[in-house]
4 protein chains.
Amino acid sequence: MSSASISRTRTAVLDAALQVFSERTVAGTTVPAISERAGVAVGTLYRHWPSKEALANAVYRQAKELFAEYLHRGAAGRAPADPEQLREAFEAMWDNLTAFAAEQPDALVFVEHQQHAGYLDEESRRLAERVDQMGADLIRAGQRLGLFRQTDPRLLTTMVFGVYVQLSKAHRAGSAALDADAWTEAREAVWSLLSR
Amino acid sequence: MSSASISRTRTAVLDAALQVFSERTVAGTTVPAISERAGVAVGTLYRHWPSKEALANAVYRQAKELFAEYLHRGAAGRAPADPEQLREAFEAMWDNLTAFAAEQPDALVFVEHQQHAGYLDEESRRLAERVDQMGADLIRAGQRLGLFRQTDPRLLTTMVFGVYVQLSKAHRAGSAALDADAWTEAREAVWSLLSR
Amino acid sequence: MSSASISRTRTAVLDAALQVFSERTVAGTTVPAISERAGVAVGTLYRHWPSKEALANAVYRQAKELFAEYLHRGAAGRAPADPEQLREAFEAMWDNLTAFAAEQPDALVFVEHQQHAGYLDEESRRLAERVDQMGADLIRAGQRLGLFRQTDPRLLTTMVFGVYVQLSKAHRAGSAALDADAWTEAREAVWSLLSR
Amino acid sequence: MSSASISRTRTAVLDAALQVFSERTVAGTTVPAISERAGVAVGTLYRHWPSKEALANAVYRQAKELFAEYLHRGAAGRAPADPEQLREAFEAMWDNLTAFAAEQPDALVFVEHQQHAGYLDEESRRLAERVDQMGADLIRAGQRLGLFRQTDPRLLTTMVFGVYVQLSKAHRAGSAALDADAWTEAREAVWSLLSR
DNA sequence: TATGAATGAGTTTTCATTCAT
DNA sequence: GATGAATGAAAACTCATTCAT
């Protein structure tokens, strides 16, 4: 088969695995369950990844990288130089996060699930660290401009991320409280949380 | 053995199970791993619960009930009638949550782990719902007093809870950013998040 | 406790074991199931027999000896000397068998089940052989008197016993076809089966 | 593997299971014992039946159906219309039963082992009832022709079947009394048992 | 002597992985 | 490359037996 169809198989498996992993935990998912959802045979899966663990790492990395992509989207790359730019950057980032939660609900839940420790390899771990850093940059900029609380930026990052993750979970669970307006209202609340 | 030591066995197993479940997921935990950590034989565990799943439900309920206990601690039972009482009630609740995160880190992580859906029974589910309601009451009181944002109270609850859970995870992971002061600073930030 | 109450325990356990063994097979019966039905603790059972296997042998022997007792009941001990005596002895034996089936249904089913069981010890096996011989004596007497078929007496014994066992099973199963008259009708049929 | 070898696996397991079940009882047989005798891995067995119990039901049904087949062999399908036809049908049936005992000794012993009650499912039970009916038909025909005893036909069936089962057991146990002549002699004895 | 909770070897069952087709 | 039946090591669960009370 052509390389195009190979990647179709890879994509199908990665998608299926993300779904079932995020529904039932990596350990709670059987390989046949993945292959079934992907519409391929078990053996096929093993032609692309050497083990379930390796597949889980691949899924993890893909999800994390996707998250990083959303996070960066439309970012100028330079730190905001004044309050207005900061506000704009903040809104843009929050909207990107909102889009990610809406478009990739499984990815966020899977990635944010603690307890990956057991099987994540070095590469996955390094990626995780790098992505987590990205979120902190905006907060540090806000502090430099004197707009945000002068606390440990890691503390603020953790809190903002906590709000976001919990909202995403509620969203994915189909909570009635999580319509489009809610995400905007939440944005304002988070801005208050950050502001001095 | 005496009935005292019977409950000692149950307690030992419940404690051990909470530890390993919160470290490695229910599905990722073997029964011998639990019984070993509890210092009892595998068979003993099955004399007290009919299956690993039943044990997981028992652990879940115990953790959730413990959380409810902490949440209630020192609560007058009546809704705060003025801004000062609200502020006091808020601080008390936050301090209780802080204490829970410090004293029962495994319980929080385990309970907040999504993906219990698969094995939680009716009783566990009902308990979860009841406890989740408790947190919302204070927020509704703040809204009635005109101090808190006039959004869907479920949205506010979700956000506050998200902050708390993420802080607790960081705390349990041994984050350097999470000393005692940090919990107080976080409290102020959350107050801002809630306030109009 | 007195020796009287010891034997009460032994009797209770032997009776209970016979019941459950005949219902569910020796291998299919758990020791707790026996002790529960007997109304004693598991540990108590092990004070009287060293193992489940030993208990099964005890049950087997008791049942087989009981069968022998019924078979002998009212037997003169001498071989029938004329047709009339033979007929009388035959009727007596059949009525004894009928009584056994009625009064000890579990014993017959259990004993007939275990014929070649792996766990029967030497003593149990010798007893079985001795009892089986008893039935054959009457048939040999009938052959000597020229009333019964001149076949291998073991063949005739086997057939008569087959009829009896199957009737007993039907009786125990509560078959509507097995009232008191039926046993008498069956006796006549068996007499025909034996007669030349 | 080809579908031919799939059914070879099923056949091998069913045969092996019949052997060990009839030797040692269903409860007394371990799954590895079955898979070893069948020459397959344990896991393979579970790819074909969901549990040991399900396998036992499959074995039971196969054996019972095989018995029904032998019983029917060469049967005209119509009830015998005169004494000569009855006699012929009787001989044919007995010879079929003899063949079954000789060719499928394990099947008979297994099926006739009482104590299946515990695990037989609805389908197995219905099949058993249907097959048991088949034997009764010939006896009813003999009664209509006035040749057989005018008793409850179920009583006669039970007796004849008892003779047959006990002979088969003796045969399987290697009894010296059970050569080919013996089966013919037994047939005459059974005819006498049935006749008025 | 009786008890029944605890034990751990043994059994049933599952499932990641292989490999013949 | 793709397939999915077969494999067997590892997991869940059972139960005969022991032993502290």
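Note that the structure is predicted; figures quoted are calculated from it, not measured. Numbered from 1 within each chain, the chains take letters A, B, ... in sequence-line order.
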Residue mapping more 5' on DNA chain E - nearest nucleotide basis, D:Gly43 or C:Gly43: C:Gly43

Donor-acceptor under 3.5 Å (D:Thr30 side chain, D:Ala33 main chain): yes

Residues C:Thr9 and C:Arg47: side-chain donor-acceptor under 3.5 angstrom: no

A:His48 side chain near F:dG1 phosphate (N/O to OP1/OP2, under 4.0 Å): no

Length of the CD1-C1' vector between D:Ile34 and E:dT11, whole Å: 12 Å

Note, B:Ser124 side chain near B:Lys64 side chain (heavy atom, < 4.5 Å): no

Position toward the 5' end of DNA chain F (nearest nucleotide), A:Ala41 or C:Pro32: A:Ala41

Phosphate OP1/OP2 of E:dT14: any D:Tyr46 side-chain N/O under 4.0 Å: no

Any donor-acceptor pair under 3.5 Å from D:Arg172 side chain to D:Val109 backbone: no

Sugar-phosphate only, base, or nothing, as touched by B:Ser35 at under 4.0 Å among non-hydrogen atoms: nothing

Below 4.0 Å: OP1/OP2 of E:dT3 and any side-chain N or O of C:Thr44: yes

D:Arg24 CZ - E:dT11 P separation (whole Å): 11 Å

Nucleotide-level pairing of DNA chain E, given in dot-bracket where Watson-Crick and G-U pairs need both distances under 3.5 Å and | marks other strands: .||||||||||||||||||||

Side-chain donor or acceptor of A:Ser22 paired with backbone N/O of A:Leu18 under 3.5 Å: yes

N/O (side chain, A:Thr30) to phosphate O (OP1/OP2, E:dC15) under 4.0 Å: no

Separation of E:dT11 C1' from D:Glu36 CD (nearest whole Å): 14 Å

Most 5' of B:Ala27 and D:Val40 on DNA chain F, judged by nearest nucleotide: D:Val40

Interatomic distance, A:Leu45 CG vs E:dC19 C1' [rounded to whole Å]: 16 Å

C:Trp49 CH2 - F:dA16 P separation (whole Å): 16 Å

Plane angle bin for A:Phe110 and A:Phe21 - parallel if under 30°, tilted between 30 and 60°, otherwise perpendicular: parallel

A:Arg47 side-chain N/O to F:dA2 phosphate OP1/OP2 under 4.0 Å: no

Euclidean distance, atom CZ of residue C:Arg8 to atom P of E:dT1 [Å, nearest integer]: 15 Å

Residue C:Val31, side-chain heavy atoms: nucleotide from F:dA16, E:dA2, E:dA5 that is nearest: F:dA16

Position toward the 5' end of DNA chain E (nearest nucleotide), D:Pro50 or B:Gly39: B:Gly39

A:Lys52 side chain vs A:Val26 backbone, donor-acceptor pair below 3.5 Å: yes

A:His113 and B:His113, any side-chain heavy atoms less than 4.5 Å apart: yes

Members of residues 51-63 of chain D that approach DNA chain E, where some heavy atom sits under 4.0 Å away: D:Ser51, D:Lys52

Sidechain-backbone polar pair: D:Asn57 side chain, D:Tyr119 backbone, donor-acceptor under 3.5 Å: yes

Any donor-acceptor N/O pair, D:Thr29 side chain to D:Thr25 backbone, under 3.5 Å: yes

